[in-house]
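Order of the sequence lines fixes the chain letters, A, B, ..., with proteins taken first and strands second; residue numbering starts at 1 for each chain. When reading the values below, keep in mind they use all heavy atoms of this one structure, side chains included, and skip hydrogens, waters and symmetry mates.
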Number of protein chains: 2
Amino acid sequence: MDVKEISEVIKYHRKISGLSRVDCAHLAGLGKTVIYDIEHGKETVQLRSLMKLLAVLNIKIELKSPLMKHYINEKG
Amino acid sequence: MDVKEISEVIKYHRKISGLSRVDCAHLAGLGKTVIYDIEHGKETVQLRSLMKLLAVLNIKIELKSPLMKHYINEKG
DNA sequence: TCCATTTTACTGTTTTAACGGTAAAAGTAA
DNA sequence: TTACTTTTACCGTTAAAACAGTAAAATGGA
């Protein structure tokens, strides 16, 4: 999943939630501009901004790779 | 998965791959400082920097939420 | 042990994103 | 249509990240 698709998922969730960008901005403690940027796939936003927005929309991040099962095993 | 766990996964993958931070920095087209920051869970790094590093380490991002199935359905 | 590599940590400069403000455009409902 | 809300898009200022350089500390192998 690339940044563009992430942005689409976010916009979809916000719309379903009935929130405007300004609503999301306030809920996430961000400016409206960043919400706009994220939803347009801007890659230079801060990771923090993305994480805050994802939290507001109840979206979780997962990482996948051929090595992830080994990581989980070792980590317990 | 929060930023701290993402950082741990990244460090694990880099170690297994036998790469130093400088190696990763060159491969990802980033400075060594950002690799260090990401592996320490710094939330203010750019999303672009994280994505570049994930690509080098062959790690993919997925988003999970109760609404994701609807999104996938509608998107086709 | 010694030697080489890596990692940590800090610094100063340059680059740039975040922010609010504004306004036009687009959408929505009465 | 009108009126209202939202979105798009740009701006200037402010705040802060990216970066390379440096050096000390840690790590690992011979």
Side-chain angles (χ1 to χ4, degrees), chain A residues 1-61 63 65 67-68 70-71 73-76, chain B residues 1-59 61 63 65 67-68 70-71 74-76:
Chain A
M1 186 175 282
D2 58 11
V3 174
K4 188 177 180 182
E5 188 166 5
I6 292 175
S7 71
E8 291 172 0
V9 170
I10 286 175
K11 186 164 190 174
Y12 176 84
H13 280 69
R14 178 176 64 77
K15 286 292 189 182
I16 298 288
S17 303
L19 297 170
S20 72
R21 295 217 176 100
V22 176
D23 293 333
C24 276
H26 288 151
L27 288 170
L30 299 171
K32 63 181 178 7
T33 309
V34 190
I35 312 296
Y36 172 83
D37 290 339
I38 291 177
E39 290 191 357
H40 278 72
K42 188 178 178 187
E43 294 192 330
T44 51
V45 295
Q46 287 187 21
L47 177 60
R48 165 187 285 166
S49 304
L50 176 66
M51 298 300 283
K52 284 182 176 177
L53 184 53
L54 290 178
V56 163
L57 297 174
N58 194 29
I59 304 173
K60 298 201 183 311
I61 281 193
L63 298 183
S65 86
L67 292 175
M68 273 308 289
H70 299 96
Y71 168 80
N73 267 9
E74 292 188 18
K75 182 200 165 197
Chain B
M1 183 173 284
D2 59 11
V3 174
K4 188 175 180 184
E5 188 167 3
I6 291 176
S7 71
E8 291 171 1
V9 170
I10 286 174
K11 185 163 189 172
Y12 176 84
H13 279 70
R14 179 177 63 80
K15 286 292 190 181
I16 298 288
S17 304
L19 297 170
S20 71
R21 295 217 176 100
V22 176
D23 294 333
C24 278
H26 288 153
L27 288 172
L30 298 170
K32 66 181 178 3
T33 309
V34 190
I35 311 296
Y36 172 83
D37 290 339
I38 291 176
E39 290 190 358
H40 278 73
K42 187 178 181 188
E43 294 191 331
T44 51
V45 295
Q46 288 187 20
L47 178 59
R48 167 187 284 166
S49 304
L50 176 66
M51 298 300 284
K52 284 183 177 178
L53 183 53
L54 290 177
V56 164
L57 297 174
N58 194 28
I59 304 173
I61 281 193
L63 298 184
S65 87
L67 293 175
M68 274 306 291
H70 300 95
Y71 168 80
E74 292 188 19
K75 183 199 164 198

Tell me: [atom1] of [X] to [atom2] of [N], nearest whole Å?
| X | N | atom1 | atom2 | answer |
| --- | --- | --- | --- | --- |
| H40(B) | dA17(D) | NE2 | C1' | 17 Å |
| L50(B) | dA17(D) | CG | P | 15 Å |
| L19(A) | dT6(D) | CG | C1' | 13 Å |
| R21(B) | dT5(C) | CZ | C1' | 13 Å |
| L30(A) | dA16(D) | CG | C1' | 15 Å |
| Q46(B) | dA18(D) | CD | P | 6 Å |
| D23(B) | dT5(C) | CG | P | 12 Å |
| E43(A) | dA17(D) | CD | P | 19 Å |

Select one nucleotide: of dT8(D), dA18(D), dT7(C), the one nearest the side-chain heavy atoms of S20(B).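 Taking heavy atoms from C-beta onward, the closest nucleotide is dT7(C).
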So does [X] get a side-chain nitrogen or oxygen closer than 4.0 Å to the phosphate oxygens (OP1/OP2) of [N]?
| X | N | answer |
| --- | --- | --- |
| T44(B) | dA16(D) | no |
| R14(A) | dT7(D) | yes |
| Y36(A) | dA9(D) | yes |
| K11(B) | dT8(C) | yes |

Taking the side chain as every heavy atom from C-beta outward, state whether L30(B) and K52(B) have any pair of such atoms under 4.5 Å apart.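 They are in contact (side-chain heavy atoms under 4.5 Å apart), so the answer is yes.
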Can you find a pair of side-chain heavy atoms, one from M51(A) and one from I61(A), that are under 4.5 Å apart? yes
When you match R48(B) and K15(B) each to their closest nucleotide on DNA chain C, which lands nearer the 5' end? K15(B)
Result for 5'-nearest mapping on DNA chain C, choosing between T33(B) and K32(A), is T33(B)
If only side-chain N and O atoms count, and only distance matters, is there a donor-acceptor pair under 3.5 Å linking H40(B) with S7(B)? no
Within the structure shown, what part of the strands sits under 4.0 Å from V22(B) by heavy-atom distance: base, sugar-phosphate, or nothing? nothing
Check the pair Y71(B), E5(A) against side chain to side chain contact (heavy atoms under 4.5 Å, CB included), reporting the backbone distance first and the verdict last. CA-CA 11 Å; Y71(B) 168 80; E5(A) 188 166 5; 3.9 Å; yes
Specify the closest pair of heavy atoms between L47(B) and K42(A), including all atoms of both residues, with the distance to one decimal. CD2-O, 4.4 Å
